[in-house]
Engineer: 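I'd like to ask you about the structure that follows.
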Amino acid sequence: MRLILISLLFLSLSGCSNKLFFSPSKADTINPEVRWMKSRSGNDIAYLWLPRSQQLEPAGIIAHFHGNSGHMEQTKEKVDWLIEHGYDVMVFDYSGFGHSSGQVSDQAAYLDALSILDYFEQLALQSQQASFIIATSTGGNILMRALADKPIQIDGMIIDSSFSSYVEETKYILNKGKLSQLYAWLAGWLMRDDYASAESLSRLPGLNSLVVHCASDQVVPIEAGETIYRQLTGNKVFWRLESCAHARALTRDHPEHQQRIIRWLAASRESDTATLDQQFANNLN
């Protein structure tokens with residue numbers, strides 16, 4: 001425990017830029033389908049397009065913002081099943097993740113997100129297809145801050161298992177420890193919210209939004225998802241899901257949730273706000 005505290009203190013004094021929050025991993029081999037994009041962070045961002053099943057008519061394009069660990073080929077399970085429903089899906093890695101160059105930090109991830117939004121906006125205009133963004137856990141925080149600073153026209157976004165403050169999420173995790181009273185106070189010192197979305201949610205464009213959170217989430221409390229939902233504008237829906245773990249609700253572990261997602265995307269694509277209001281009514285008071 002003493003070693004952990006000393007390490008945390010050292011990193012905080014050395015200007016960690018929330019590096020402690022991220023746990024990137026590297027892919028062992030390079031997928032031959034990987035593409036590259038120059039990011040505003042100055043780094044080369046690796047990304048993949050997962051094409052829809054060829055026998056299906058195009059339903060739209062989707063970009064996925066993954067969480068704070070792993071890399072895109074590990075986390076694509078949250079969205080790769082959408083290709084079976086006519087969607088072309090883009091997954092990518094932030095700086096320092098997977099094959100993307102550079103060092104991980106909250107600032108780099110924010111700048112990468114701006115670059116992805118630039119690209120996705122142009123692609124949506126060129127393709128004339130419906131466009132959606134799905135963001136998981138930390139990816140939701142990264143996306144919402146970037147989208148507040150660079151609003152783009154999309155048909156909807158799905159925020160899954162997310163939060164809006166690095167500081168508050170760190171406090172929550174530290175408070176779960178056996179000696180939480182000794183080190184939970186470090187969250188406000190070790191972490192920063194310079195590139196968090198907490199103070200920017202009111203600036204997000206009003207659009208179709210679906211906030212998904214598991215009631216039993218032990219990593220990000222459902223209250224964090226509820227806070228996001230309440231501050232969003234536009235046509236918004238909240239799903240409180242039962243019997244699922246953190247960031248697992250959209251995977252093949254839960255085909256029933258996937259079917260609901262498909263229906264929500266279809267209604268959003270068709271601008272059927274009446275269907276969104278009635279069929280997907282939120283369960284927050």
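All values reported here derive from a predicted model rather than from experimental measurement. For reference, positions follow the sequence shown, starting with 1.
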Engineer: Verify the neighbour count for atom CD of Glu256: are there more than 12 heavy atoms of other residues, nucleotides or ligands below 6.0 Å?
Structural biologist: yes
Engineer: For the side chain of Thr136 and the backbone of His66, is there at least one donor-acceptor N/O pair under 3.5 Å apart?
Structural biologist: no
Engineer: Do Ile158 and Leu265 have side-chain heavy atoms sitting under 4.5 Å apart?
Structural biologist: yes
Engineer: Measure the CD1-CD1 distance between Ile228 and Ile159 for me, rounded to the nearest 0.5 Å.
Structural biologist: 6.5 Å
Engineer: Answer yes when Glu57 and Arg269 have at least one side-chain N-carboxylate O distance shorter than 4.0 Å, and no when they do not.
Structural biologist: no
Engineer: Kindly determine whether Asp118 and Ile152 satisfy side-chain contact (heavy atoms from CB on, under 4.5 Å), including the steps that lead there.
Structural biologist: CA-CA 8 Å; Asp118 282 335; Ile152 66 171; over 6 Å; no
Engineer: Tell me, with the steps shown, if Glu226 and Arg240 meet side-chain contact (heavy atoms from CB on, under 4.5 Å).
Structural biologist: CA-CA 9 Å; Glu226 294 172 344; Arg240 178 189 177 94; 3.8 Å; yes
Engineer: With no hydrogens and no angle check, is any side-chain donor or acceptor of Ser101 less than 3.5 Å from a backbone partner on Asp44?
Structural biologist: yes
Engineer: Where do Ser162 and Ala224 come nearest, in terms of heavy atoms and distance?
Structural biologist: O-CB, 3.6 Å
Engineer: Has Ser161 got a side-chain atom pairing as donor or acceptor with Ala247's backbone, closer than 3.5 angstrom?
Structural biologist: yes
Engineer: Ring centroid separation for His213 and Tyr229, is it under 6.0 angstrom?
Structural biologist: no
Engineer: Check whether Gln258 reaches the backbone of Leu250 with its side chain - one donor and one acceptor, N or O, closer than 3.5 Å.
Structural biologist: yes
Engineer: Does any non-hydrogen side-chain atom of His254 lie less than 4.5 Å from one of Leu241?
Structural biologist: no
Engineer: Going by atom type alone, with no hydrogens or angles, which donor-acceptor pairs under 3.5 Å involve a side-chain atom of residues 47-54 and a protein atom two or more places apart or on another chain?
Structural biologist:
| residue | atom | partner | partner atom | Å |
| --- | --- | --- | --- | --- |
| Trp49 | NE1 | Tyr119 | OH | 3.1 |
| Arg52 | NE | Leu56 | O | 3.2 |
| Arg52 | NH1 | Asp88 | OD2 | 3.2 |
| Ser53 | OG | Ile83 | O | 3.4 |
| Gln54 | NE2 | Arg52 | O | 3.4 |

Engineer: If you measure from CD on Gln218 to CD1 on Ile173, what distance do you get to the nearest 0.5 Å?
Structural biologist: 9.5 Å
Engineer: Answer yes or no: does atom CD of Gln74 have more than 12 heavy-atom neighbours from other residues, nucleotides or ligands under 6.0 Å?
Structural biologist: yes
Engineer: Verify, without hydrogens or angle tests, whether Asp93 (side chain) and Met72 (backbone) share a donor-acceptor contact under 3.5 angstrom.
Structural biologist: yes
Engineer: Just by distance, do the side chain of Glu73 and the backbone of His71 share a donor-acceptor pair under 3.5 Å?
Structural biologist: no
Engineer: Which is it for His99 and Asn31 under the side-chain contact (heavy atoms from CB on, under 4.5 Å) test, yes or no, and what are the steps along the way?
Structural biologist: CA-CA 10 Å; His99 296 297; Asn31 187 319; over 6 Å; no
Engineer: Indicate the atoms forming the closest heavy-atom contact of Ser39 with Ile45, along with that distance.
Structural biologist: CB-CG1, 3.5 Å
Engineer: I'd like to know if the side chain of Arg145 reaches the main chain of Asp194, judged simply by a donor and an acceptor atom lying under 3.5 Å from each other, with no hydrogens or angles considered.
Structural biologist: yes
Engineer: Is there a side-chain contact between Met157 and Leu232 in this structure, where contact means two heavy atoms from C-beta onward sitting under 4.5 Å apart?
Structural biologist: yes
Engineer: Indicate yes or no: does Arg40 engage Asp112 in a salt bridge with an N to O separation below 4.0 Å.
Structural biologist: no
Engineer: Is the shortest side-chain heavy-atom distance between Glu169 and Thr138 below 4.5 Å?
Structural biologist: no
Engineer: Taking it one step at a time, do Lys76 and Glu33 satisfy salt bridge (Lys or Arg N to Asp or Glu O under 4.0 Å)?
Structural biologist: CA-CA 14 Å; Lys76 65 183 176 66; Glu33 301 300 321; over 6 Å; no
Engineer: Would you say the side chain of Thr75 lies within less than 4.5 Å of the side chain of Val91, judging by non-hydrogen atoms?
Structural biologist: no
Engineer: State, to 0.1 Å, how close Ile262 and Tyr87 come at their nearest heavy-atom pair, and which atoms those are.
Structural biologist: CD1-CE1, 4.4 Å
Engineer: Taking all atoms of both residues into account, what is the closest heavy-atom pair of Val219 and Asp217, and its distance?
Structural biologist: N-OD1, 2.8 Å
Engineer: Any sub-3.5 Å donor-acceptor pair from Lys38's side-chain atoms to Ser115's backbone N or O?
Structural biologist: no
Engineer: Report yes if the distance between the aromatic ring centroids of Tyr94 and Phe21 is under 6.0 Å, otherwise no.
Structural biologist: no
Engineer: Can Glu77 and Arg248 be counted as an ion pair, charged N to O under 4.0 angstrom?
Structural biologist: yes
Engineer: Do Val89 and Trp36 sit in one hydrophobic cluster, given that two such residues count as connected whenever their side-chain heavy atoms are within less than 4.5 Å of each other, even indirectly?
Structural biologist: yes
Engineer: Under a 4.5 Å cut-off applied to non-hydrogen side-chain atoms, are Ser164 and Glu199 in contact?
Structural biologist: no
Engineer: Between Leu114 and Leu204, is there a shared hydrophobic cluster once you connect ILVMFWY residues whose side-chain heavy atoms come closer than 4.5 Å?
Structural biologist: no
Engineer: Using the rule that two of Ile, Leu, Val, Met, Phe, Trp, Tyr join whenever any of their side-chain heavy atoms come within less than 4.5 Å, decide whether Tyr195 and Leu143 are in one cluster.
Structural biologist: no
Engineer: For a quick test of reading the model, state the closest non-hydrogen atom pair linking Tyr166 to Ala196 and the distance between them.
Structural biologist: CD1-CB, 3.8 Å
Engineer: Side-chain contact, heavy-atom cut-off 4.5 Å: His85 with Gln259?
Structural biologist: yes
Engineer: Transitively linked via ILVMFWY side-chain contacts under 4.5 Å: Val104 with Leu111?
Structural biologist: no
Engineer: Would a 4.5 Å heavy-atom cut-off, applied to side chains only, mark Leu210 and Phe132 as touching?
Structural biologist: no
Engineer: Quick check: is Phe97 connected to Leu117 through a chain of hydrophobic side chains (ILVMFWY, heavy atoms under 4.5 Å apart)?
Structural biologist: yes
Engineer: Taking it one step at a time, do Ile134 and Leu82 satisfy side-chain contact (heavy atoms from CB on, under 4.5 Å)?
Structural biologist: CA-CA 11 Å; Ile134 298 176; Leu82 286 159; 3.7 Å; yes
Engineer: Is it the case that the side chain of Ser200 and the backbone of Arg203 share a donor-acceptor pair, with hydrogens and angles ignored and the cut-off at 3.5 Å?
Structural biologist: no
Engineer: Which atom names give the shortest non-hydrogen contact between Ser95 and Ser41, and what distance separates them?
Structural biologist: OG-OG, 3.3 Å
Engineer: Counting distance only, does the side-chain N/O of Asn18 pair as donor-acceptor with the main-chain N or O of Arg192 below 3.5 Å?
Structural biologist: yes
